[in-house]
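Contents: one structure, followed by commentary.
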Protein chains: 2
Amino acid sequence: MPRAAKTDTKGLLDKFDSFLQRKSLKLTAQRRRIVEQILGMEKTHFGADDLLDQFRDERPRVSKATIYRALGVLVEAGILEQHDFGESHRLFELSEGRDHHDHLMCTRCGTIIEFHSEEMEALQDKVAARLGFHPTHHSQKIFGICKDCWKQGKR
Amino acid sequence: MPRAAKTDTKGLLDKFDSFLQRKSLKLTAQRRRIVEQILGMEKTHFGADDLLDQFRDERPRVSKATIYRALGVLVEAGILEQHDFGESHRLFELSEGRDHHDHLMCTRCGTIIEFHSEEMEALQDKVAARLGFHPTHHSQKIFGICKDCWKQGKR
DNA sequence: GTTCGTGCAAAAACTTTGCATTATC
DNA sequence: GATAATGCAAAGTTTTTGCACGAAC
């Protein structure tokens, strides 16, 4: 299901706009359309190419350059988070209204499962502090076989 | 300090060679030189470009294509591990004879600090188990500002 | 009206590939 | 001698950039 139902488009655009105003940037038609596309998308983790595909048949088209530039601004605005799953391209994910979470990825079927553990967050801060490091964010991925795949062919 | 002192070049080449033989691949002069360069390198995390630099002035030269191809084989052989730090290029690291560890990366100067926490490992297994997930490996990166950069310009 | 954003195509950065030649087993 | 590896340059990917034109504030 698309996420438009779960997430309030207007609220998100407002948040984006207030960020833009604070930075003396402009809310353009393209930026608005990009946000709408992201909210309407099936995938929770998408790349620049996914957006590009969606704009391919629509007009007015939104160009590649604009998409890349907008994704950067959306990350700065805290609306998107950027991920690296070891693929050759970057993936993004809506952070709006969600708690921070990390990921388990099934190496057999590619499913991504999200999890959150306060205990883990605390431990990470502790490790960083011990090394005099001032953490801004982190990325944790656990790779393995998910429940379903394990049931199907347990070897 | 280079790591040649810490790591046994001959042992590593033997391991590599036995992998190659098992796969009916060949131990060429270039592959041998690449392994030696990696052992002699200062950096613990390096990219294809780092190796390329080292071969730039030496002859016979080892070509870009050969380096990329060799890195792939070395990962398959379990001699190198591949990482993704959200940069535009892949980094590699010797896995030989080292305990598993995770990484902190300074987003200002790019320094990578390693850490290991048993507590963290245990917690990850616990989280995975709770979700019926059978973990094979994981990757954890904490991003932030390192001690030195923090001292220099603390804003 | 100023400043910022867009589209386009060109460039950049990194990696892969095709192919004739050479080395290893 | 068969098979795999190399070097080179060319092509692929994904992302970034320069610049003239257009849109937002």
Side-chain angles (χ1 to χ4, degrees), chain A residues 13-14 16-37 45-77 80 82-92, chain B residues 13-14 16-37 45-77 79-80 82-92 110:
Chain A
L13 279 172
D14 284 350
F16 190 26
D17 195 24
S18 78
F19 170 83
L20 293 171
Q21 287 190 23
R22 216 176 321 129
K23 296 272 189 177
S24 308
L25 302 177
K26 292 164 185 174
L27 181 56
T28 62
Q30 287 89 334
R31 287 178 177 168
R32 208 168 311 172
R33 290 183 61 213
I34 288 170
V35 170
E36 285 161 4
Q37 283 289 347
H45 297 78
F46 59 91
D49 50 323
D50 293 316
L51 283 171
L52 199 49
D53 278 348
Q54 307 213 30
F55 287 119
R56 201 171 303 282
D57 311 313
E58 296 192 21
R59 77 197 141 284
R61 291 193 53 213
V62 176
S63 75
K64 196 174 13 178
T66 297
I67 291 175
Y68 277 105
R69 288 188 275 232
L71 287 171
V73 178
L74 284 163
V75 169
E76 275 188 71
L80 294 182
Q82 210 179 93
H83 289 289
D84 252 295
F85 288 96
E87 316 209 335
S88 53
H89 60 309
R90 270 168 268 174
L91 293 183
F92 297 86
Chain B
L13 279 173
D14 284 350
F16 189 27
D17 195 25
S18 78
F19 170 83
L20 292 171
Q21 287 191 23
R22 217 174 322 130
K23 296 271 188 177
S24 309
L25 302 177
K26 293 164 184 175
L27 180 56
T28 61
Q30 287 91 333
R31 288 180 175 167
R32 207 169 312 173
R33 289 183 61 212
I34 288 170
V35 169
E36 285 162 4
Q37 283 290 347
H45 298 78
F46 59 91
D49 49 322
D50 293 315
L51 283 171
L52 199 50
D53 279 348
Q54 307 213 30
F55 287 119
R56 201 171 304 281
D57 310 314
E58 296 192 21
R59 74 199 137 283
R61 289 194 54 214
V62 175
S63 76
K64 195 173 15 176
T66 297
I67 290 174
Y68 278 105
R69 288 188 275 230
L71 286 171
V73 178
L74 284 163
V75 169
E76 275 188 70
I79 289 174
L80 294 183
Q82 209 179 95
H83 289 289
D84 249 297
F85 289 97
E87 315 208 331
S88 51
H89 61 307
R90 269 167 271 172
L91 293 183
F92 297 85

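Reminder, nothing fancy here: chain letters follow the sequence lines and each chain counts from 1. Note that the coordinates shown come from a computational prediction; the quantities given were computed from them, not determined experimentally.
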For this session: Using a 4.0 Å cut-off on protein heavy atoms (strictly under), produce a 5'-to-3' string for nucleotides 14-25 of chain C with B for base contact, S for backbone-only sugar-phosphate contact, and - for none.
Result: SBBBB-----BS
Exercise. Which atom names give the shortest non-hydrogen contact between A:A48 and A:I67, and what distance separates them?
Worked result: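 For A:A48 versus A:I67, the nearest heavy atoms are O-CG2, 4.1 Å.
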If I take atom [atom1] in residue [X] and atom [atom2] in nucleotide [N], what distance separates them, rounded to the nearest angstrom?
| X | N | atom1 | atom2 | result |
| --- | --- | --- | --- | --- |
| A:R33 | D:dA23 | CZ | P | 14 Å |
| A:L52 | D:dT16 | CG | P | 14 Å |
| B:R61 | D:dA9 | CZ | C1' | 13 Å |
| B:K23 | D:dA5 | NZ | P | 12 Å |
| B:L20 | D:dT3 | CG | C1' | 14 Å |
| A:E76 | C:dC4 | CD | P | 14 Å |
| B:R56 | D:dC8 | CZ | P | 12 Å |
| A:Q21 | C:dT3 | CD | P | 18 Å |

What distance separates [X] [atom1] from [Y] [atom2], expressed to the nearest 0.5 Å?
| X | Y | atom1 | atom2 | value |
| --- | --- | --- | --- | --- |
| A:R33 | A:L51 | CZ | CG | 11.0 Å |
| B:D14 | B:L27 | CG | CG | 9.5 Å |
| A:L71 | A:Q82 | CG | CD | 8.5 Å |
| B:L52 | B:Q37 | CG | CD | 11.0 Å |
| A:Q54 | A:E36 | CD | CD | 12.0 Å |

For this session: Indicate yes or no for a side-chain donor-acceptor contact from A:R69 to the backbone of A:K64 under 3.5 Å, with no hydrogens or angles considered.
Result: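 Between the backbone of A:K64 and the side chain of A:R69 there is no qualifying donor-acceptor contact (under 3.5 Å).
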Problem set entry | Backbone N/O of A:G47 and side chain of A:D50: donor-acceptor pair under 3.5 Å | yes
Exercise. Within the structure, does a side-chain N or O atom of B:T66 lie under 4.0 Å from either OP1 or OP2 of D:dA5?
Worked result: no
For residues 16-26 of chain A, which side-chain N or O atoms pair as donor and acceptor with protein atoms under 3.5 Å away, sequence neighbours left out?
residue: A:D17; atom: OD2; partner: A:Q21; partner atom: NE2; Å: 3.3
residue: A:S18; atom: OG; partner: A:K15; partner atom: O; Å: 3.1

Exercise. Given axes from five pairs at either end, by how many degrees does the helix from C:dG1-D:dC25 to C:dC25-D:dG1 bend, rounded to 10°?
Worked result: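 Inter-axis angle at the ends, rounded: 40°.
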